[in-house]
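What follows is a set of notes on a single structure, which appears directly below.
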Number of protein chains: 4
Amino acid sequence: MARRAGSTGAETAEKLRNAALELFARSGYAAVSMREIAAETGVQAGAIYNHFPTKQDLLNELLQVHMETLLNAWSEAEEPGLTPPQALEHFVRFHIRYHLAKSREVFISYMELRNLEAANFSAIEGLRRRYESVPRAILDRGAADGTFDIVDPQVTTMAIIAMLNGMTTWYRENGRLSLDEIEALYVRLVARLVGQKKED
Amino acid sequence: MARRAGSTGAETAEKLRNAALELFARSGYAAVSMREIAAETGVQAGAIYNHFPTKQDLLNELLQVHMETLLNAWSEAEEPGLTPPQALEHFVRFHIRYHLAKSREVFISYMELRNLEAANFSAIEGLRRRYESVPRAILDRGAADGTFDIVDPQVTTMAIIAMLNGMTTWYRENGRLSLDEIEALYVRLVARLVGQKKED
Amino acid sequence: MARRAGSTGAETAEKLRNAALELFARSGYAAVSMREIAAETGVQAGAIYNHFPTKQDLLNELLQVHMETLLNAWSEAEEPGLTPPQALEHFVRFHIRYHLAKSREVFISYMELRNLEAANFSAIEGLRRRYESVPRAILDRGAADGTFDIVDPQVTTMAIIAMLNGMTTWYRENGRLSLDEIEALYVRLVARLVGQKKED
Amino acid sequence: MARRAGSTGAETAEKLRNAALELFARSGYAAVSMREIAAETGVQAGAIYNHFPTKQDLLNELLQVHMETLLNAWSEAEEPGLTPPQALEHFVRFHIRYHLAKSREVFISYMELRNLEAANFSAIEGLRRRYESVPRAILDRGAADGTFDIVDPQVTTMAIIAMLNGMTTWYRENGRLSLDEIEALYVRLVARLVGQKKED
DNA sequence: TATGAATGAGACTTCATTCAT
DNA sequence: GATGAATGAAGTCTCATTCAT
């Protein structure tokens, strides 16, 4: 059969990306078959190859796009001229909101790294390090101007990111705490980690 | 051929557990085949089934044993009579040392949860919650006697655990910091998170 | 490789059915592997699954189609308005001819019943009972109008069917007796079994 | 472990024969594994090989012993000096009783012939032909002395055997008819098949 | 004689991928 | 751009059989 009326290539590719994202997040890259992705999308497995050369490319594109979108989103959100405490709060709120909105992308970007081929892995790692340099730079600024009392900038940066990301494992919509409350809590916790002189 | 002279069942089972642990940690449960585990161990794939009924049982046993060993290790390490700050430091040092020593077990106990069948998953989750109740109880004690100033005990507990576990992703033997230094750093960071009055 | 030029799905499915029929009849369902069926058909084992979901389905379809075809063939062959002796002769000749023409189907429909899963088994059993009701009804008519002297209609029905089917185990083309002679012999034997007043 | 107290080799061999008989009859030779036979018997699969060299030998011994026992039983039961009608009735009653008592042996002796290796197959076939010569001889005697009116001795012999064996597929203890009634029915049916002048 | 651990082959089935249509 | 049929490799698991103990 030929293309079904009403569907375009771009639409199908997008449906495939969504299905793969959902399935990779739920079951893991290695446990998901091309047939499952196809079935979720309403096409045959063979049709996937009109849009993505290999299964690996599908994963790689998801992660690549995610990291780039994350960096772009931060570029847009970033506000120059803030003091280190303000900048850190701004970053924490951004990070939490973005990571909860894109929880599946975030999840697979941590879980499926080892399933990337070497070249793809390096590219993603580079982007991740660029993102991690954002809080690191804020910490360094705050350490320099004395508004923070940093224990060890490297370790503290990783601690902050690990702490924030941990939230995605237990956060539930309609849970005990609203998103705003969670943001506020983490802002205070992060402020403590960096030895900020007075909270807020 | 039959059993090779000098080999015993217990030995083979242990070699299989080790190989599976290593391979699951490196490539992920779904990406590792029984043939690979067998090859690593020097037996035929079919021989695995003399020791473990299914691949799932192999994973489950690794995780089950890990969680129970962790809880037992804490039972042994626990020192009653410590003040909350002392107890928290004691827990942090225990957790870091144990988790670095058993980094592969820890890793798969987080990564492969979703590959457990429902019943196995529940059992592991129960053990995990028991372990998480350890720091939670310390926080509650410290909040009660005023030695801690806790932002939110639930969130802070999860934040501490996430922060500590994050270390396993970047720690390298022969890295910039020794294990002792890392322990000391995290003790201070955790003290900050719980609003401990004076560090140490 | 993908589909080979000139081959269609229906053709392959039919070749698979034929190969399975032949092999199941010769060696038995349990002793025949999917690889053997595939090899006989000139495809890879995996390709079978494009046409039949499981090995069980392959067997079931063969039996189901056989029983339905048999019942349909009788529907076509049946001639209303015959006297019981005429009807019985008509049935015997039909049964012999059909069962020799489809000897492999008949064979596996008796031999492989126990290899059917419960639901499939019940379906086949129902069809078989429908077929067995054909001679039974003729016997009952003949008993009612006095043209037959039936010893026990149930037992006699089963005896007739067993006797007729037994022929498939020793019949050989080019044997001592022609098909026509065999038909005539069995017509007389059956007439005796039902106590028919005068032969023919 | 060594032999368990209280068990002897002969006992185990007999238990193995029984288990194999039961399982082969229920599921078919090809579908039964040595492990299943062992499990049913309470030993390990390896222990079977102390009693039977191969799975094929197990089957062959069951069939061989069955056929020989059948022939011996007939030798004992046979009564010389009977008239052909008396002899035929005697045979029919013997056959029915024996075949119902040993229904599993009879069943596999028909179903599993094709799973015998060539040499074993020939041996069993020879024994079967010897048994089939029993009714054949009676028919020939009755034809010679005019007490029977045989349509075709070969075909009638096979028809009688097929008819009698068919009973094993529908006979149920506690069914509508007692064993005695069934015997009597078949005696009458067989008498009809051979054109016996007056029933009984 | 029995166990339990092993082999090597092979079972059914699924996989990523290809390609004629 | 999509289908459906195919490949060839590989998946988990079971098999008959062997043999040190």
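Below, chain A is the first sequence line, B the second, and so on; all start at residue 1. Remember, predicted model here, so these are calculated numbers, not experimental data.
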Item to check | Donor-acceptor contact below 3.5 Å, side chain D/Tyr29 vs main chain D/Met111 | outcome: no

Next on the checklist: Can you work out whether C/Glu36 or C/Pro53 has the more 5'-proximal nearest nucleotide on DNA chain E?
Outcome noted: C/Glu36

Next on the checklist: E/dC15, OP1 or OP2 - any side-chain N/O from A/Ser33 closer than 4.0 Å?
Outcome noted: yes

Next on the checklist: Restricting to non-hydrogen atoms, name the atom on C/Ala31 and the atom on C/Glu36 that form the minimum distance, rounded to 0.1 Å.
Outcome noted: O-OE2, 3.5 Å

Next on the checklist: Can you tell me the base-pairing partner of E/dT7? Count Watson-Crick or G-U wobble geometry only, both distances below 3.5 Å, and say none if there is no partner.
Outcome noted: F/dA16

Item to check | A/Ala47 vs A/Ala30, nearer the 5' end of DNA chain E by closest nucleotide | outcome: A/Ala30

Next on the checklist: Both C/Ala10 and B/Gly46 contact DNA chain F. Which one's nearest nucleotide lies toward the 5' end?
Outcome noted: C/Ala10

Checklist entry - Phosphate oxygens OP1/OP2 of F/dT12: is one of them under 4.0 Å from a side-chain N or O of B/Arg35? => result no

Next on the checklist: With heavy-atom distances below 4.5 Å as the criterion, would you say the side chains of C/Glu112 and C/Leu62 are in contact?
Outcome noted: no

Checklist entry - Within less than 4.0 Å of OP1 or OP2 of F/dA5, is there a side-chain N or O belonging to C/Thr12? => result no

Next on the checklist: Any side-chain to backbone donor/acceptor pair from B/Glu22 onto B/Ala19? Under 3.5 Å, distance only.
Outcome noted: no

Checklist outcome for this item: Any strand, both distances under 3.5 Å, Watson-Crick or G-U wobble: E/dT21 pairs with F/dA2

Item to check | Nearest-nucleotide pick for A/Tyr49, side chain only, options being E/dT3, E/dA16, F/dG11 | outcome: E/dA16

Item to check | Residue-phosphate contact under 4.0 Å: B/His51 side-chain N/O, E/dG4 OP1/OP2 | outcome: no

